[in-house]
Each structure stands twice: as structure tokens, then as C-alpha cells.
Amino acid sequence: AQKITQTQPGMFVQEKEAVTLDCTYDTSDQSYGLFWYKQPSSGEMIFLIYQGSYDEQNATEGRYSLNFQKARKSANLVISASQLGDSAMYFCAMRESLISSGSARQLTFGSGTQLTVLP
Amino acid sequence: ETGVTQTPRHLVMGMTNKKSLKCEQHLGHNAMYWYKQSAKKPLELMFVYSLEERVENNSVPSRFSPECPNSSHLFLHLHTLQPEDSALYLCASSQYVGPRDTQYFGPGTRLTVL
């Protein structure tokens, strides 16, 4: 089974509207971290937001928020007030615990969602 | 320079060439990584260095050879590559602080093997 699943290969949103990008994950660990990255066409992976499995509140960073539903193993990214510059590929990633993965540093990425913001 | 830088940004090489990719981080981090991003595939972790020591090598072919001379610099030496090695190679760095260890990426080197 895939560890990170992003079921939306492509999404469109009107400028100034909100959009939700889906991410589900699979782990048997109790301690893990979830990350979202943005990759514009230039190629650079830009860190957006982090959610820890023990964090009681959903993470927020400016216009980005993470809708974390632990029981459902989902960590959806919500972008509010979309801007044209938000058009990019978005990746969800997970880091599991040291014990299960054998490494505290291994990040597993999903296949990404291409977001296009329409003027 | 700030963040993570990579050179060159684009590289075209023949299968018999030898070339090197360079990564430099200006964040004071203690871990560095090489990732490969092929078309229509998730990112694949290739190598991890922590405090200049290689701690992970994810079954990468020997035609890729990493080098980490200090905590700020990371190289990926390439020789006798195959066309299927054409991809975007991303470098990242992080400061290990437990679960919140966040990796910061460079702009990548887009490699084409002819």
C-alpha cells in the first residue's frame, strides 16, 4: 500500500477562492510528522506547513492551513484566498518514527497535485 | 547567498561523461540529502548525510557517488549514466530537532543524459 496518497492529479480554482488539496497517509506509528511542499515550474521545493501527529490543533501558516483528521489518516491542505502565484505542484510528505523507518530523516512523498489558479 | 543553492541548474551529458553536481547550504544545518525526481514519479531519496557521515543509501546504482566534505557542501558525482537517469536532482538540508525536522530544498539540477 502507498504510504502517501494524493488522489487529485490536477485541480483548478478561481482566484481569491479557497481550495482543498487532499492527502491520506498510511502508518502504524503513533509518532509521525506530515509536511506540505509547493513546487513551482522552476523546480524548487518550498516548505509550506508542518503537522505533528501529537499536535492538538490544526497547523496554520498565513493562507495555508492543514485539516488534520487523525482517525481518518488525512492531512488536507487548505489554501485560502488563492492567488495566481499559487499555481504549482503540491506535495504531501510524511516522516515516520525512528523505530519503524530505520531513519529519523526519511521523508516519503506523494505523487502530487497540480494546482492551477484561474484569473 | 541564502538557503540551499545548487549548481549547475541544467546539465546535458553523454553516457560516457563524468560530471558533478554541487549543493551548498547556508542554514547551519547538520544533515544533507540527495533526491531524484523523475517525470510522473514521487520523489526518491538517494542519500542522506548527517554530520558529514553517510547514514543512508537507498539502493542507488554505483554510477552515482556522493561526497560530503563538510556540513555545508554536498556533491553528487556522475559517471557512465544511462538515459533513464535523466531527472531533476534535488538537494535538501535540515537541522535534526526531532519530529519537526524540516527539510529545505534547493532549486534542483535538471539533468539530461543523451
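Rounding to the nearest 0.5 Å gives a distance of 6.0 Å between OG1 of Thr102(B) and OH of Tyr37(A). Rounded to the nearest 0.5 Å, atoms CZ (Phe105(B)) and CZ (Phe47(A)) are 11.0 Å apart. For the atom pair OH of Tyr35(B) and CG of Leu107(A), the computed distance is 4.5 Å after rounding to the nearest 0.5 Å.
For NZ of Lys18(B), the number of neighbouring non-hydrogen atoms (other residues, nucleotides, ligands) closer than 6.0 Å is 12 at most. Within a 6.0 Å sphere centred on CD of Glu84(B), heavy atoms belonging to other residues, nucleotides or ligands number more than 12. The environment of Lys73(A) atom NZ is dense: over 12 non-hydrogen atoms of other residues, nucleotides or ligands sit within 6.0 angstrom. Atom CD of Gln57(A) has 12 or fewer heavy atoms from other residues, nucleotides or ligands within 6.0 Å.
Per-residue heavy-atom pair counts under 4.5 Å with chain A were compared for Arg110(B), Gln37(B), Lys41(B), and the maximum is reached by Gln37(B).
For the pair Asp101(B) and Phe35(A), the tightest heavy-atom approach, listed with the atom from each and the gap, is O-CZ, 3.4 Å. Closest approach of Pro42(B) and Ser111(A) over heavy atoms only: CG-CA, 4.4 Å.
Put simply, the side chain of Met45(A) reaches to within 4.5 Å of the side chain of Leu43(B), judged on heavy atoms.
Contacts between Tyr54(A) and chain B at a heavy-atom distance below 4.5 Å are absent for every atom of the residue. When heavy atoms are compared at a cutoff of 4.5 Å, Gln51(A) does not approach chain B at all. Of the atoms belonging to Leu88(B), it is side-chain heavy atoms, and not backbone ones, that fall under 4.5 Å from chain A.
Criterion: ILVMFWY side-chain heavy atoms under 4.5 Å apart, direct or through other members. Under it, Leu66(A) and Met11(A) are part of a common hydrophobic cluster. Both Met15(B) and Leu21(B) belong to a common hydrophobic cluster when Ile, Leu, Val, Met, Phe, Trp and Tyr are linked at side-chain heavy-atom distances under 4.5 angstrom. Residue Leu76(B) is grouped with residue Leu11(B) when hydrophobic side chains (ILVMFWY) are merged at heavy-atom distances under 4.5 angstrom, including chains of intermediate members.
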